Each structure stands twice: as structure tokens, then as C-alpha cells.
Peer 1: 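If you scroll down you'll find the structure; I have some questions about it.
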Number of protein chains: 2
Amino acid sequence: MLSSHQQARRQERLDAVLAAAWEIAAESGLGAVTLHDVARRVGLRQPSLYVYVSSKLGLFDAMYARAYGELLARLAALPDSGSARLRLMRIFWVILDFVVSQPPRQQLLFQRTIPGFTPSEPSYALAEKLVEQVTALLAEVGASRPEQVDVYTALIAGLGAQQIANDPGGDRWSRLLEPVLDCILDHCRREDLP
Amino acid sequence: MLSSHQQARRQERLDAVLAAAWEIAAESGLGAVTLHDVARRVGLRQPSLYVYVSSKLGLFDAMYARAYGELLARLAALPDSGSARLRLMRIFWVILDFVVSQPPRQQLLFQRTIPGFTPSEPSYALAEKLVEQVTALLAEVGASRPEQVDVYTALIAGLGAQQIANDPGGDRWSRLLEPVLDCILDHCRREDLP
DNA sequence: GTCTATACTAAGATAGAC
DNA sequence: GTCTATCTTAGTATAGAC
């Protein structure tokens, strides 16, 4: 049985490991993350990492969970004021900024690009929490059908993907979020979808 | 100087190499493509591939060019009949189907997920040809501003990305193409964008 | 919990014979 | 143009001492 002090130290170390891993991903891409490199950055030797993660895929899973945790925290920190539409816009903006400012997040959280990686159940539960939040707000603005929800997730995914792939560092696509969202909210109603 | 016969044989071989590479990508993902595996499938030893490609990145570049060639050929084969809107819809449908039916195409042609890969100039020219075709048709239906073009490319990218990531093999997002496109074409005009 | 040492695997690339 | 042989590099993972 671990003392709470030991647990805290362990958690601290793990946090440092995940921070280092995300740092490498931000600098050189998700594929550039290696256990050797992560270990070096936290002042450990590569085999010592196996105390904190069970394998390379285990590391990715922990990175996944950590990133979702951070995103959910940012959403929770948003003001609760304003119309549902305004709150929805804020949420979408935070999500878009989250992935555009660090593209590997988009790769790990929203795409299927790491061979062999699937989030564990507890990690995936965080993803579902995000969907629930967005779905609830969309219902408030009158987009309650699943097909409507899918349109909005595709919109965010598409703006993010294009921004990252074709104008990294710029805002050519991200700045379209507000006007396009307004237009779709105003004009694409339930009866327009199959 | 090569005889045309020799050139033809060489081209045939190269085609087989690229077909094998795309086959591996379709089966196991773009990251699973290795020179050893490609060579094995075409009945060669790995070092012999260097006669046909200059390096691993050179292989990716050739795969990129070949895939764009195939996509452009499919578009060229589309009927020229019907309204501009109908022709636009056909083009978008072909592009969406092209990537959704083989996700690694999306990864190589439209995302930036291979570390170190950038298409060579002649290969990139093929990508520009595609953009030109789409842009021309969009102008015909009244979407002539660059910002409008960006909205449509984001729409296709987003539907494709979500379809691949969250409903592989299904049509939950791809079937939204027609209704959403109709809605945006009808309601999101030039004056709605920044 | 961290270390050293090492096994294991696998990839890209080059040299030189045929 | 294809081969065999080999270099070089690099990664994940495990064993066992401290």
C-alpha cells in the first residue's frame, strides 16, 4: 500500500513524463516521440520509464487522457454567461484553438493515425464527456438531431485539418469559424438533413 | 539513352512498386509501408528498389503523385452534363469517396502527418490542378471569393476526417455531403464571410 | 525506483559481385 | 538491373544489481 505522499510523488513524476512527451510531439510530431527521448528530458534512463507507463502504447494512452483532461479543464473554465449560441461559439473556439496551436493533439485525439493505438476505456470516457457537453449545448440552440451534431463536429474537424495542413501558424481557416457557424445555425435546420 | 521499350518496362516495374506500396498502406496504414515489404511483394530484394526510387521519401513522393493522378483521372471521367451545382456535387462526391474508401490517401494527400515529407514540385502541381478544377466550378455557382472556396474544402476535409475516424466503413458523415452542401450553397453567400 | 547492460528487432542505405 | 552481404542507426523491452 502506498502512502499518499508516495502517490503524490509518483503522480508528479508521471506528469513530468507526459509533459515531456507532449513537448516532443509539439516540436517534432507525434511519430518522433520515443521513450529514450522522453526519459532524457525528465532526467531518467529509458528503462526507468516502465515504472510509470506499461509500454509505448501505454504512454500514448496516458498522453491521450492528459490532453483530454486539459481540454475539458479549459472548457470548464469558460464563462457561463451569454446566450447558448455564444457559449457554443466559445466552446468550439477553444477546441479549434486547442488542436490548431498544437497539431499533434488533433492527430492523437481526433484522428486514427497511430498504428495500433486505441484509447483505453477510462481514457475514452473523457472523449465522451466532451461530446456530451457539445451535444447538450447544440440541443439548446435547436440542433438536437444526431445528424445535426455530426455536421458541427465535421465543421470543426475540417477547419482544424485545413488550417493545420495548409496554413500552419496562420488563421486562414480558423477565422471562418464564427461566420460559417452563424450561417449554418441560422439556415441549416433539422428538416434540411436526411 | 534508353530505348522506349526499356522505358516502358521500367515504368511497368515502377507502377508495380507503387501499387504494392499503396496496397500495404490500405491494409496496415501509411506508417507500415517499408521498403522491405514493398520489395517482397513485387518479388525483388530491398536494395533493388533503389533503382526505382531514390529513398523512402522518394517513394512517398511517387505514391503521392500516383494517387493524385488517379484522382484526377476519376474526375476527368465524370460526365460533363447537368448544372454547375450538379457537377460540383459529383466532384466532391468522388473526392470524398476517394479518401474515405482508403484513409491513407487522406493522410498522404491532404494532411501533414508523414515526418519530413513534402511533395516535390511536379507532384505538387497535380494538387494545384485539383484546386483549380474545384475553384472554377465554385465560381460558376457563385462562390468566387477565396474564403468561400476555403469553406468548401474544409467541409469535404471535415466530413472525410470524421467518417474515417469515427465510423470507418460506414456512411454516417459522408451521406451528409449533399444536404449540407445544398444548404451552404443556398444560404452562405459572399456577404456572410469576413 | 533507478541504474547498467543487453537482447531483440527492424529499418534505411551502401558496396561491390554478377 | 538484380543480387548478397553488410553497415549503421535506432527503437522497445527485459534481466538483474544496487
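Labels below follow one simple rule: chain letters A, B, ... track the order of the sequence lines, proteins then strands, and each chain is numbered from 1. Note that this is a predicted model, so its numbers are computed, not measured. For the numbers below, each heavy atom of this structure counts, side chains included, while hydrogens, waters and symmetry mates do not.
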Peer 1: Would you give the length of the straight line joining atom CD1 of A:Ile114 to atom CG of A:Leu30, rounded to the nearest 0.5 angstrom?
Peer 2: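 The CD1 atom of A:Ile114 sits 4.0 Å away from the CG atom of A:Leu30.
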Peer 1: Mind listing the residues from residues 43-57 of chain A sitting with a heavy atom below 4.0 Å of DNA chain D? Number order is fine.
Peer 2: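 Only A:Gln46, A:Pro47, A:Tyr50, A:Ser55, A:Lys56 qualify.
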Peer 1: If the plane angle is over 60° it's perpendicular, under 30° parallel, otherwise tilted; pick one for A:His187 and B:His187.
Peer 2: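 Plane angle under 30°, so parallel.
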Peer 1: List for me each residue that meets ring pair (Phe, Tyr, Trp, His ring centres under 6.0 Å) alongside A:Phe117, sequence neighbours excluded, and say none if there are none.
Peer 2: A:Tyr64
Peer 1: Roughly what angle, to 10°, lies between the helix axis at the start of the helix from C:dG1-D:dC18 to C:dC18-D:dG1 and the one at its end, five pairs per end?
Peer 2: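 It works out to 0° between the end axes.
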Peer 1: Considering only heavy atoms, which members of residues 15-39 of chain A lie under 4.0 Å from some atom of DNA chain D?
Peer 2: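 The stretch gives A:Thr34, A:Leu35, A:His36 as the residues lying under 4.0 Å from the strand, ordered by number.
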Peer 1: What integer distance in Å separates A:Leu59:CG from D:dT12:C1'?
Peer 2: 12 Å
Peer 1: How close or far is atom P of D:dT12 from atom CZ of A:Arg40, stated in whole angstroms?
Peer 2: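 A:Arg40 atom CZ is separated from D:dT12 atom P by 13 Å.
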Peer 1: Show the atom names and distances, to 0.1 Å, of all donor-acceptor pairs under 3.5 Å that link a side chain in residues 37-47 of chain A to residues at least two apart or in another chain.
Peer 2:
| from | atom 1 | to | atom 2 | distance (Å) |
| --- | --- | --- | --- | --- |
| A:Asp37 | OD1 | A:Arg40 | NH2 | 2.6 |
| A:Arg41 | NH1 | A:Glu23 | OE2 | 2.6 |
| A:Arg41 | NH1 | A:Glu27 | OE1 | 3.4 |
| A:Arg41 | NH1 | A:Glu27 | OE2 | 3.2 |
| A:Arg41 | NH2 | A:Glu27 | OE1 | 3.0 |

Peer 1: In terms of ring plane angle, is the pair A:Tyr152 and A:Phe92 parallel, tilted or perpendicular, where the classes change at 30° and 60°?
Peer 2: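 Answer is parallel, since the angle falls under 30°.
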Peer 1: Does a nitrogen or oxygen in the side chain of B:Arg13 sit under 4.0 Å from OP1 or OP2 of D:dT2?
Peer 2: yes
Peer 1: Considering residues at least two apart in sequence or located in another chain, which fulfil the ring pair (Phe, Tyr, Trp, His ring centres under 6.0 Å) criterion with B:His36?
Peer 2: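 Residues passing ring pair (Phe, Tyr, Trp, His ring centres under 6.0 Å) with B:His36: none at all.
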Peer 1: What is the distance, to the nearest angstrom, from the CZ atom on B:Phe60 to the P atom on C:dA11?
Peer 2: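 After rounding, the gap between these two atoms is 13 Å.
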Peer 1: Please indicate whether B:Arg189 has more than 12 foreign heavy atoms, meaning atoms of other residues, nucleotides or ligands, lying under 6.0 Å from its CZ.
Peer 2: yes
Peer 1: Identify the two heavy atoms, one from A:Leu176 and one from B:Asp150, that lie closest to each other, and give their separation to 0.1 Å.
Peer 2: CD1-CB, 3.7 Å
Peer 1: How about B:Ser144 and B:Arg190: does a side-chain donor come under 3.5 Å of a side-chain acceptor?
Peer 2: yes
Peer 1: Closest approach of A:Ile95 and A:Val134, non-hydrogen atoms and distance?
Peer 2: CD1-CG2, 4.3 Å
